[in-house]
**Q** 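Before we start, here is the structure in question, set down as structure tokens.
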Amino acid sequence: MKSITLLLFSVCLHMAEAQETEVVITIDSLSSEVYMLTGEGGNIGIYVGNDHVFMIDDQFDRLSEQIRQVITELSDKPIAFLFNTHMHGDHTGGNANFNDKNVTIIAHDNVRERVRDNQQKALDEAKITREYLKDMLPEVTFSNDITFYDGEEIIMGMHVHNAHTDGDALYYFSANNVLHMGDTYVAGTYPYIDIKSGGSVNGYIEAQKKALMVINEDTKIIPGHGRPSNKVELEKNVAMLEDLKSRVLKAISSGISMEEVKADTSLSAAYDETYGKGFIKPEILRETFYTSLKAH
């Protein structure tokens, strides 16, 4: 419990420090029609379609106008659809600002419920208005899959169960061969698996395996955080997670405690130098794996 509290404190501290730092929105061109925007928070996907712009995630509320300006550099077409990959505020914080009469927000069923619950707390504390709460909510939701057609492009939204949260969705642009994975994949670092919001180690690994079934060697992957990635890097990530799972399960079966798993650096030592220097440190990762796998 102590380490979880410290993790939440670190998140709040990081966000407070970030607000005092100028944010630069950068653009990566992944195809002739699909782009990744990096700023503060989750990576944004942009698809410039025949008549409209399709947007995936929107980072934080305070960055909305800056993000909108960058999008106009890519296209003068209006935004018509905004997809949320999951419920966390660094991916949905700008929903209300982008949600107007021309934009439809789309997400998994559980995203609407969790965003509504989180925003209700803010409403009860008079931090937001009821209109703002309404505009934060996805207007179209789905339980498993959803498909959009735009000329030659087929956009597939695919729910993955109990992965990073209980409402994650992958969005695949088939003609452009680009997959946005949200926080079911963070490139180059250990993942944050939000157990309290329905995430699990088993579901997280299965989400990445599902992605591997969809993509090929030429697919460009937009991770929730980190640089653009590809199938080879994702395969390495899956292998790392499965090895860590096996090691922690063996530790659990031997009867050792969570505190002992947290302290046992040998469990993740093979990967700490490569993946352990990001937001989630090795000790937190080992605790998350123990908590999730012990519960299941």
**Q** Can you check side chain to side chain donor-acceptor pair (under 3.5 Å) on Asn162 and Ser200, steps first, answer last?
**A** CA-CA 6 Å; Asn162 300 102; Ser200 70; 5.8 Å; no

**Q** Can you list every pair that meets ring-ring contact (aromatic ring centres under 6.0 Å, His included) and has a residue in residues 201-222, with sequence neighbours left out?
**A**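 Sorted result for residues 201-222: empty, none.
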
**Q** Could you tell me whether Asp28 and Arg227 make a salt bridge, using a distance below 4.0 angstrom between a side-chain N and a carboxylate O?
**A**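 Arg227 and Asp28: salt-bridged.
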
**Q** Thinking salt bridges, do Glu65 and Arg68 make one under a 4.0 Å N-O criterion?
**A** yes

**Q** Before accepting this row, confirm whether a basic side-chain N of the pair Glu287/Lys281 lies closer than 4.0 Å to the acidic partner's carboxylate O.
**A** no

**Q** Going by the side-chain contact (heavy atoms from CB on, under 4.5 Å) test, name the single residue among Val178, Ile215, Leu30, Leu170 that passes it with Ile221.
**A** Ile215

**Q** Can you check salt bridge (Lys or Arg N to Asp or Glu O under 4.0 Å) on Arg62 and Glu40, steps first, answer last?
**A** CA-CA 10 Å; Arg62 65 184 180 281; Glu40 182 192 341; 2.5 Å; yes

**Q** Stepwise, does the side chain to side chain contact (heavy atoms under 4.5 Å, CB included) test hold for Val140 with Ile105?
**A** CA-CA 6 Å; Val140 174; Ile105 302 180; over 6 Å; no

**Q** Ion pair present between Arg247 and Asp243, side-chain N to carboxylate O less than 4.0 angstrom?
**A** yes

**Q** Ignoring hydrogens and angles, state whether a donor on the side chain of Asn202 or Lys245 is under 3.5 Å from an acceptor on the partner side chain.
**A**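 Checked: Asn202/Lys245 side chains pair up, N/O donor to acceptor below 3.5 Å.
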
**Q** Look at Lys134 together with Glu131 and state whether they make a salt bridge at an N to O cut-off of under 4.0 Å.
**A** yes

**Q** Group every Ile, Leu, Val, Met, Phe, Trp and Tyr by side-chain heavy-atom contacts under 4.5 Å, then state whether Tyr275 and Tyr290 land in the same group.
**A**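 They do share one cluster, since a chain of ILVMFWY contacts under 4.5 Å joins Tyr275 to Tyr290.
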
**Q** Any side-chain heavy atom of Tyr190 sitting closer than 4.5 Å to one from Ser268?
**A**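 A side-chain contact under 4.5 Å exists here.
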
**Q** Determine, using ring centers only, whether Phe148 and Phe83 are less than 6.0 Å apart.
**A**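 They qualify: ring centres under 6.0 Å apart.
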
**Q** I'd like to know if Lys209 pairs up with Glu206 as an ion pair, taking the criterion as any Lys NZ or Arg NE/NH1/NH2 lying under 4.0 Å from an Asp or Glu carboxylate oxygen.
**A**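 Looking at Lys209 and Glu206, the cut-off is met.
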
**Q** Could you tell me whether Glu113 and Arg116 make a salt bridge, using a distance below 4.0 angstrom between a side-chain N and a carboxylate O?
**A** no

**Q** If you take all heavy atoms of Ala251 and Val261, which pair is closest and at what distance?
**A**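 Distance-wise, the nearest heavy atoms are CB-CG2, 4.2 Å.
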
**Q** Parallel, tilted or perpendicular for His225 and His91, by the 30°/60° rule?
**A**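 Judged by the thresholds at 30° and 60°, the geometry between His225 and His91 is perpendicular.
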
**Q** Taking ring-ring contact (aromatic ring centres under 6.0 Å, His included) as the criterion, tell me which of Tyr35, Tyr171, Tyr149, Tyr47 meets it with Phe54.
**A** Tyr47

**Q** Decide whether Val103 and Ile56 are clustered together by the hydrophobic rule: side chain heavy atoms of Ile, Leu, Val, Met, Phe, Trp, Tyr closer than 4.5 Å, transitively.
**A** no

**Q** Does anything in residues 82-100 form a salt bridge (charged side-chain N to carboxylate O under 4.0 Å, His left out)? List the pairs, not counting sequence neighbours.
**A**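 Sorted pair list comes back empty.
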
**Q** Is it possible for you to say whether Tyr271 and Tyr192 belong to one hydrophobic cluster, with membership spreading through side-chain heavy-atom contacts below 4.5 Å?
**A**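 Result: yes, single cluster for both.
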
**Q** Aromatic rings His164 and His86: how do their planes relate, parallel, tilted or perpendicular, breaks at 30° and 60°?
**A** perpendicular

**Q** Can a side-chain donor-acceptor contact be found between Thr92 and Asn95 if the only test is distance below 3.5 angstrom?
**A** no

**Q** Are Phe173 and Leu74 joined in one hydrophobic group, where the rule is that I, L, V, M, F, W and Y side chains link up if heavy atoms are under 4.5 Å apart?
**A**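 Each belongs to a different hydrophobic cluster.
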
**Q** Check the hydrophobic clustering (I, L, V, M, F, W, Y; side-chain heavy atoms under 4.5 Å; chains of links allowed) and say if Val248 and Ile280 are grouped together.
**A**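 In one cluster with Val248: Ile280, yes.
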
**Q** Report the residues that fulfil side-chain contact (heavy atoms from CB on, under 4.5 Å) with His159, sequence neighbours left out, ordered by chain and then residue number.
**A** His108, Phe142, His161

**Q** Do other residues, nucleotides or ligands put more than 12 heavy atoms under 6.0 Å from Glu152 CD?
**A** no

**Q** Among Thr165, Asp57, Asn43, which residue satisfies the side-chain hydrogen bond (donor to acceptor under 3.5 Å, both in side chains) criterion with Thr85?
**A**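 Exactly one candidate clears the test, Asp57.
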
**Q** Any ion pair linking Glu125 and Lys127 (charged N to carboxylate O, less than 4.0 Å)?
**A** yes

**Q** Test side chain to side chain contact (heavy atoms under 4.5 Å, CB included) on Ile146 and Ile155 and set out the steps.
**A** CA-CA 8 Å; Ile146 191 168; Ile155 306 163; over 6 Å; no

